[in-house]
Student: 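For reference, the structure I am asking about is given below.
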Amino acid sequence: MDLVQKEHERLWKRLQSSKGISDVQATIDLLQEARDTIAADPTKASITLAKLQNPVKASFDATNESLKETHSSLNKYTKALDKLFKDRPLPSIEYDALSSSPALVNRAIAMHLLREGQFSVAATFLSEVSEKMASAQPGNDGQGRPEDADALSLEQIQSGEIRKQFANMYEILHELKEESNLLPAIQWAREHREALEARGSNLEFELCRLQFVWLFHGGKDRQGSFVSGRQAALEYARREFHVFLPRYQREVQQLIGAMAFCPNLEDSPYRAIFNNPTAWTDVAHSFTREFCSLLGLSADSPLYIAATAGAIALPTLLKLQTIMKAKRTEWTSQNELPVEIPLPPSYLFHSIFVCPVSKEQTTDQNPPMMMPCGHVIAQESLTRLSKGSKFKCPYCPNESHPRDARKVFL
């Protein structure tokens with residue numbers, strides 16, 4: 001990437017310092033001057049055009065000369081990109097795990113569109129999916145073809161209830177981000193207080209704390225006096241903060257105590273609370289996460305996560321495909337990848353246990369089992385070793401019976 005960055009900077013500098021724009025403007029000025037001359041005295045048209053020929057040609061030559069260096073830099077930049085990002089064929093779709101579950105794919109696309117606020121696009125997509133499903137419903141024998149169980153979820157999306165929920169979320173986010181109005185978000189958090197507290201969420205207090213800070217700085221009238229801002233914040237605290245005691249007593253004390261440092265808040269211990277440039281972005285993200293969680297959804301779109309993880313895994317899979325083709329081997333495992341994919345920590349959603357005996361990853365049908373000695377192996381390995389009777393642990397001298405093993409939940 002260093003070479004690409006270097007060529008990009010060089011191209012940008014030459015574009016900024018190029019005389020091409022000024023040369024083109026000079027040509028335009030010559031043409032406009034000639035047009036005005038002819039308009040004022042049409043009898044001078046031939047003389048004016050004759051005089052214009054050489055200056056225009058010289059102007060075009062200057063423009064082309066100034067663009068040569070730019071074209072040279074652009075070619076070098078293009079070559080650097082081609083060298084770094086080589087055109088490679090995509091992996092084959094011979095092992096397409098989702099080919100038999102179109103309803104899952106359609107649901108993921110529809111939910112992604114709704115999450116992004118593309119309600120009209122989602123409505124069109126769902127309409128076309130419904131038409132396709134209706135046309136494909138009768139089979140060759142004239143009987144109805146059963147759809148996946150997830151098709152019911154697609155029908156729930158089509159009912160419009162989820163669309164209403166996301167429309168409400170975007171209305172609240174618009175007020176929060178664009179209008180600096182926290183009241184709709186606070187009202188929503190109060191209406192769902194029990195559910196949020198059951199999750200251990202701090203959303204309502206985070207919103208009210210930011211509202212206090214916003215009032216402290218003057219609210220909508222940022223140019224107003226500090227005295228009026230502090231008074232409005234104090235009145236808000238007296239009216240609202242009592243519901244957060246004693247759980248957030250320390251945080252409330254910090255907010256109230258900061259008023260004593262108002263003349264020199266920058267050097268006070270409370271600077272991070274009252275001068276946090278990412279406070280509004282953070283609380284918007286928290287609101288989105290909690291809103292989606294109460295709908296039983298993840299904070300991020302599963303389609304976005306799957307596409308991003310796939311893009312990260314693509315180079316490894318391409319290399320694997322090349323090796324398998326050269327050695328004439330096949331990928332025989334259906335439930336797991338043949339190689340490890342290095343994903344970032346935020347994309348690891350569940351624990352993975354590989355049996356130290358069989359070297360296979362455990363599944364719901366073959367869960368990890370812990371023996372009384374504390375060692376863990378897969379259930380199938382446990383069955384093979386014990387054969388229904390007392391057996392010795394493969395990693396220590398202890399003996400145990402398979403009925404004494406306990407299933408491990410990761």
Side-chain angles (χ1 to χ4, degrees), residues 89-179 184-185 188 192 195 281 284-314 317-318 334-335 337 341 343-344 346-347 349-350:
L90 295 176
S92 64
I93 57 174
E94 184 179 355
Y95 307 100
D96 189 356
L98 295 176
S99 59
S100 60
S101 304
L104 283 175
V105 179
N106 292 334
R107 183 180 184 276
I109 295 173
M111 289 300 299
H112 178 77
L113 293 172
L114 291 175
R115 285 170 172 272
E116 296 296 318
Q118 303 293 335
F119 302 114
S120 60
V121 180
T124 303
F125 173 77
L126 290 171
S127 176
E128 293 180 356
V129 168
S130 299
E131 293 176 0
K132 186 176 180 180
M133 291 174 62
S135 62
Q137 187 68 22
N140 296 331
D141 55 357
Q143 298 179 354
R145 178 175 59 85
E147 294 291 336
D148 295 334
D150 294 286
L152 297 175
S153 300
L154 200 62
E155 293 177 359
Q156 293 175 357
I157 298 175
Q158 291 171 327
S159 67
E161 183 61 29
I162 294 181
R163 273 180 280 182
K164 293 179 182 178
Q165 294 286 352
F166 277 111
N168 182 32
M169 184 187 78
Y170 272 96
E171 289 176 2
I172 296 175
L173 285 175
H174 174 77
E175 291 292 323
L176 193 154
K177 294 180 179 179
E178 305 298 331
E179 306 296 333
W188 181 89
H192 300 83
T281 304
H285 180 73
S286 297
F287 172 79
T288 304
R289 182 179 65 251
E290 298 299 340
F291 193 101
C292 292
S293 67
L294 293 191
L295 293 178
L297 303 172
S298 60
D300 297 319
S301 168
L303 183 62
Y304 173 81
I305 293 175
T308 305
I312 296 174
L314 196 56
L317 296 178
L318 285 171
Q334 296 181 354
N335 298 323
L337 293 172
I341 303 298
L343 294 175
S346 59
Y347 278 47
F349 300 102
H350 58 84

Student: Counting C-beta onward and ignoring hydrogens, is there a side-chain heavy-atom pair between Pro102 and Val129 closer than 4.5 Å?
Tutor: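 With C-beta onward as the side chain, the pair stays apart.
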Student: Should the ring pair Phe291 and Phe166 be called parallel, tilted or perpendicular, given that the plane angle runs from 0 to 90° and is split at 30 and 60?
Tutor: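 Correct class here is tilted.
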Student: Check Leu126 against Ala110 and note the closest heavy-atom contact, atom names and distance.
Tutor: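 Scanning both residues, the minimum pair turns out to be CD2-CB, 3.7 Å.
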Student: How long is the span from the CG atom in Leu173 to the CG atom in Asn168, to the nearest 0.5 Å?
Tutor: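 Here the interatomic distance stands at 9.5 Å.
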Student: With a 4.5 Å heavy-atom cut-off, do Glu116 and Val121 have their side chains touching?
Tutor: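 Not in contact.
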Student: Taking all heavy atoms of Ile341 and all of Leu317, pick out the closest pair and write down the distance.
Tutor: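 Answer, listing the atom of Ile341 first, then Leu317: CD1-CD2, 4.4 Å.
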Student: Do you know the tightest heavy-atom contact between Cys292 and Ala299?
Tutor: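 Closest approach of Cys292 to Ala299: CB-CA, 4.3 Å.
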Student: Given side-chain contact (heavy atoms from CB on, under 4.5 Å), test Leu303 with Arg115 step by step and report yes or no.
Tutor: CA-CA 11 Å; Leu303 183 62; Arg115 285 170 172 272; over 6 Å; no
Student: Do Pro302 and Arg107 have side chains that approach each other closer than 4.5 Å (heavy atoms only, starting at C-beta)?
Tutor: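 No. Closest side-chain heavy atoms not under 4.5 Å.
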Student: May I ask you to decide if Thr124's main-chain N or O and Ser127's side chain share a donor-acceptor pair within less than 3.5 Å?
Tutor: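 Looks like no, no N/O pair under 3.5 Å.
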Student: Taking all non-hydrogen atoms of both residues, which atom of Leu113 and which atom of Phe125 are closest, and how far apart?
Tutor: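 Looks like CD1-CB, 4.2 Å.
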Student: Which heavy atom in Thr288 sits nearest to a heavy atom in Met169, and how many Å separate them?
Tutor: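 The answer is CG2-SD, 4.2 Å.
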Student: Ile162 versus Met111: any side-chain heavy-atom pair under 4.5 Å?
Tutor: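 Ile162 reaches Met111 side chain to side chain.
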Student: For a quick test of reading the model, state the closest non-hydrogen atom pair linking Leu294 to Trp188 and the distance between them.
Tutor: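 Reported closest heavy-atom pair: CD1-CH2, 3.6 Å.
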Student: In Å, rounded to the nearest 0.5 Å, how long is the span from CD1 of Ile109 to CG of Leu104?
Tutor: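 CG of Leu104 is found 11.0 Å from CD1 of Ile109.
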Student: To the nearest 0.5 angstrom, please state how far the NZ atom of Lys177 sits from the OG1 atom of Thr281.
Tutor: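 Reported to 0.5 Å precision, the distance equals 7.5 Å.
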Student: How far does NE2 of His112 sit from CG of Asp300, to the nearest 0.5 angstrom?
Tutor: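 With rounding to 0.5 Å, NE2 (His112) is 11.0 Å from CG (Asp300).
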Student: Counting only heavy atoms not in Tyr304, do more than 12 fall under 6.0 Å of its OH?
Tutor: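 Open.
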Student: About how many Å separate CZ of Phe287 and CD1 of Ile172, when rounded to the nearest 0.5 Å?
Tutor: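 Between Ile172 CD1 and Phe287 CZ, I get 3.5 Å after rounding to 0.5 Å.
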